[in-house]
Amino acid sequence: FHQATVNRRGIPHERGANYSAQRASLCCRAAEPATWARLSAQSTEHAKSHRPRSASRLDSGTMRTDCQCRGLWGAILVCLLLLAGLPDAASRVEHARHKRRERMVRAAHASQKASHDHTRRQTNVWTNPGAADRARISTLLQELDAEAKSADAGGANQTQAWKSPVHVMSGCPQRVPALYSPNTIRQRARLIWADDGRCKGIGKVDAGTCLRRGRVVRCLPSFIVFGTGKGGTAELQSWLSVHPNLRRYGDVHSTKGGGEADFFGGELDSRQQLETNWRTYLNGFQPQDETSVAQQYTFEKSPGYLAHSNDPALLKDLLPSTFLVAILRDPAKRAYSHFQMACHRQKKMQRYRVTRVTGVDVERNVSGVFREHKVTMTKYPYCTPADFDKFVRLAGPGTADMSGLFRTGLYVDDLIRWEKAVSRERTLVVFHEDFVADAVALIDRIQSFLGVPHFRYENITYRQGNFTFLRGATSKADGPRRYEPMSKWATSALNTYYGPHTARLMTHLRLKKPPTKWPQPLK
């Protein structure tokens, strides 16, 4: 407003005092008092020397009223000017927002490209392992060797020595045989590898390998419990799950013995299928954190591996350093127990009118054999020893089409297959009868075989009848047996059939006498 009232030389415009006062009144509300006084003085002096002929004198009251009036119109003019400038301000704000969006989009594209390049580098680790990971592993092994020497000299505590250091790696997994020991499942260091969903498994992962995808860490099993159905694998899994350094497959909080992976069973028959589905097997194990990875090792149990695996070498392809614990049972008693389970399930389905048969092939075999030969089974819930005698005559040893229920008891050939595929030194064979007689002693033997810290199971067990039970766990042995014992005829027939195979098993395991409560094989 000062520039609008006074020209460049500081002299008011040649339009009269009235006009100068009117222009000065526009800033009467906003200008400082000193500026207003200077403009008023200039206007009065200019009016005395340049009074227009038609101009009338303005008294002080008129000037005050004019100032107030002109001040109101000036305020309105300022508001109009501000309103006229709002569209420009809005457009400037929108332009700034557009620029900001463009910067965000460019940053997102750059981040995506960097992530893609990182993933591609991870994928290429398989053919050309990263130099950073190789150097880090080499340094780590040197440090572990130095720590091992100092620990041997100082005598470290078993519990402290069991806990392994954890290192987070940046690439896809690589096998490091130097981290494994032939006498224990413990690794000298636990490495958590990155997994983007495209890392390979065969030839790269091993027993106990841990992989991180996002924030989730899962570890492959360090040992596997297998053997035979109705041999006590579920009960053994329940006992091992209580150990503070062991972590089972599936629900870690379950007190039951169920939960079988059955990954290396009959459906897996090729390396290509193994490479495609190994991550599904990994996802069955519960997530862990770095604290649990340092001192807990995972395991799983699948009794069907021994007799129903197409190719045990597939386990070696994926987990060459794994340990195996096989639990066996007297084949004749095992067959009878399995027959009763199949009958019970089949009759239960018939009672509740379930038309779709679900279960193992043995169950369909039992019902199919009876249906084919038009044999009537006894009423629900269990079969009688006479029913089992009929089944042995129709589909037992020596028949044209022997049931798989009896083939499962031929342990020695299947056991040799597995020991050749993995390692005999990493395989422990225990017996169901020893587990029933003294469960704590058998569990202590398994702890020594795995090399885990000794856990005192006798503090959490109790004895009832012929069984040792684990407090807080559900056992299949709970309650009395609901079916009658096997007939003498069937016992004699099956012992005669299994006798030579039991003798071969004793020779293979270097046993001087049969396992507890197993029949003496005929010479």
Side-chain angles (χ1 to χ4, degrees), residues 118 121-152 156 161-213 216-224 245-247 271 274-275 278-279 281-282 285 288-300 313-324 421-423 425-426 450-452:
H118 177 67
R121 288 194 299 271
Q122 282 187 336
T123 306
N124 292 336
V125 166
W126 294 114
T127 56
N128 184 19
D133 283 343
R134 288 200 306 268
R136 187 174 181 183
I137 292 174
S138 177
T139 304
L140 175 62
L141 293 177
Q142 294 177 2
E143 294 175 355
L144 291 175
D145 292 337
E147 291 178 2
K149 292 181 181 179
S150 61
D152 293 340
W162 173 261
K163 190 174 181 180
S164 302
V166 179
H167 298 271
V168 180
M169 313 303 288
S170 59
C172 286
Q174 307 172 36
R175 283 183 183 170
V176 187
L179 296 179
Y180 293 87
S181 170
N183 303 320
T184 176
I185 63 173
R186 175 187 176 270
Q187 299 177 27
R188 301 172 64 190
R190 301 302 302 274
L191 306 181
I192 301 179
W193 302 91
D195 179 26
D196 63 349
R198 294 183 292 180
C199 294
K200 294 183 179 180
I202 296 179
K204 302 303 178 181
V205 301
D206 202 344
T209 297
C210 299
L211 294 99
R212 183 189 74 254
R213 190 168 185 179
V216 179
V217 177
R218 287 186 170 90
C219 300
L220 289 167
S222 297
F223 71 97
I224 295 175
N245 298 110
L246 301 179
R247 194 180 185 96
R271 287 171 58 90
L274 175 65
E275 183 61 54
W278 72 271
R279 195 170 281 100
Y281 178 55
L282 172 67
F285 294 90
Q288 297 181 247
D289 54 21
E290 292 188 12
T291 303
S292 63
V293 166
Q295 55 189 356
Q296 284 189 337
Y297 290 77
T298 55
F299 74 97
E300 63 117 333
L314 294 176
L315 175 63
K316 184 177 181 180
D317 291 337
L318 189 69
L319 309 173
S321 302
T322 189
F323 283 65
L324 299 177
V422 182
S423 171
E425 290 72 20
R426 294 178 182 269
L450 298 176
V452 298

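Nothing here was measured: the structure is a model prediction, and the numbers come from that model.
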**Study point:** Verdict with supporting geometry, Leu450 and Thr184, side-chain contact (heavy atoms from CB on, under 4.5 Å)
**Key:** CA-CA 5 Å; Leu450 298 176; Thr184 176; over 6 Å; no

Hey, does [Y] have a side-chain heavy atom less than 4.5 Å from the side chain of [X]?
{"X": "Arg175", "Y": "Lys204", "answer": "no"}
{"X": "Leu274", "Y": "Asp317", "answer": "yes"}
{"X": "Cys172", "Y": "Asp195", "answer": "no"}
{"X": "Asp206", "Y": "Pro320", "answer": "yes"}
{"X": "Met169", "Y": "Ile137", "answer": "yes"}
{"X": "Leu324", "Y": "Leu315", "answer": "yes"}
{"X": "Leu141", "Y": "Glu143", "answer": "no"}
{"X": "Arg218", "Y": "Gln288", "answer": "no"}

State, to 0.1 Å, how close [X] and [Y] come at their nearest heavy-atom pair, and which atoms those are.
{"X": "Gly208", "Y": "Cys219", "result": "O-CB, 4.4 Å"}
{"X": "Thr322", "Y": "Val422", "result": "O-CG1, 3.8 Å"}
{"X": "Leu318", "Y": "Ile202", "result": "CD1-N, 4.5 Å"}
{"X": "Ala189", "Y": "His167", "result": "CB-CD2, 4.3 Å"}
{"X": "Ala194", "Y": "Ser170", "result": "CB-O, 3.7 Å"}
{"X": "Ser321", "Y": "Ala207", "result": "C-CB, 3.8 Å"}

**Study point:** Lys/Arg N to Asp/Glu carboxylate O, Arg212 vs Asp196, below 4.0 Å
**Key:**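 Result for this pair is no, no salt bridge flagged.
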
Practice item. Test side chain to side chain donor-acceptor pair (under 3.5 Å) on Asp289 and Ser292 and set out the steps. Key: CA-CA 6 Å; Asp289 54 21; Ser292 63; 3.0 Å; yes

Between [X] (side chain only) and [Y] (backbone N and O only), is there a donor and an acceptor less than 3.5 Å apart?
{"X": "Thr298", "Y": "Arg247", "answer": "no"}
{"X": "Arg279", "Y": "Cys199", "answer": "yes"}
{"X": "Glu290", "Y": "Val166", "answer": "no"}
{"X": "Arg190", "Y": "Pro165", "answer": "no"}
{"X": "Arg186", "Y": "Trp162", "answer": "yes"}
{"X": "Asn245", "Y": "Val452", "answer": "no"}
{"X": "Ser164", "Y": "Gln187", "answer": "yes"}

Exercise for review: Enter the distance from Leu220:CG to Leu282:CG here, rounded to the nearest 0.5 Å.
Suggested key: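 Answer rounded to 0.5 Å: 5.0 Å.
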
Exercise for review: Can you measure from CG (Leu246) to CD (Gln295) and round to the nearest 0.5 angstrom?
Suggested key: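 Answer for the CG-CD pair, Leu246 versus Gln295, is 11.5 Å.
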
Review point. Side-chain donor-acceptor pair under 3.5 Å between Glu300 and Tyr281, yes or no?
Key: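 Per modelled atom types, Glu300 and Tyr281 side chains form a pair under 3.5 Å.
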
Practice item. Would you check, one step at a time, whether the test side-chain contact (heavy atoms from CB on, under 4.5 Å) holds for Leu179 with Leu144? Key: CA-CA 9 Å; Leu179 296 179; Leu144 291 175; 4.0 Å; yes

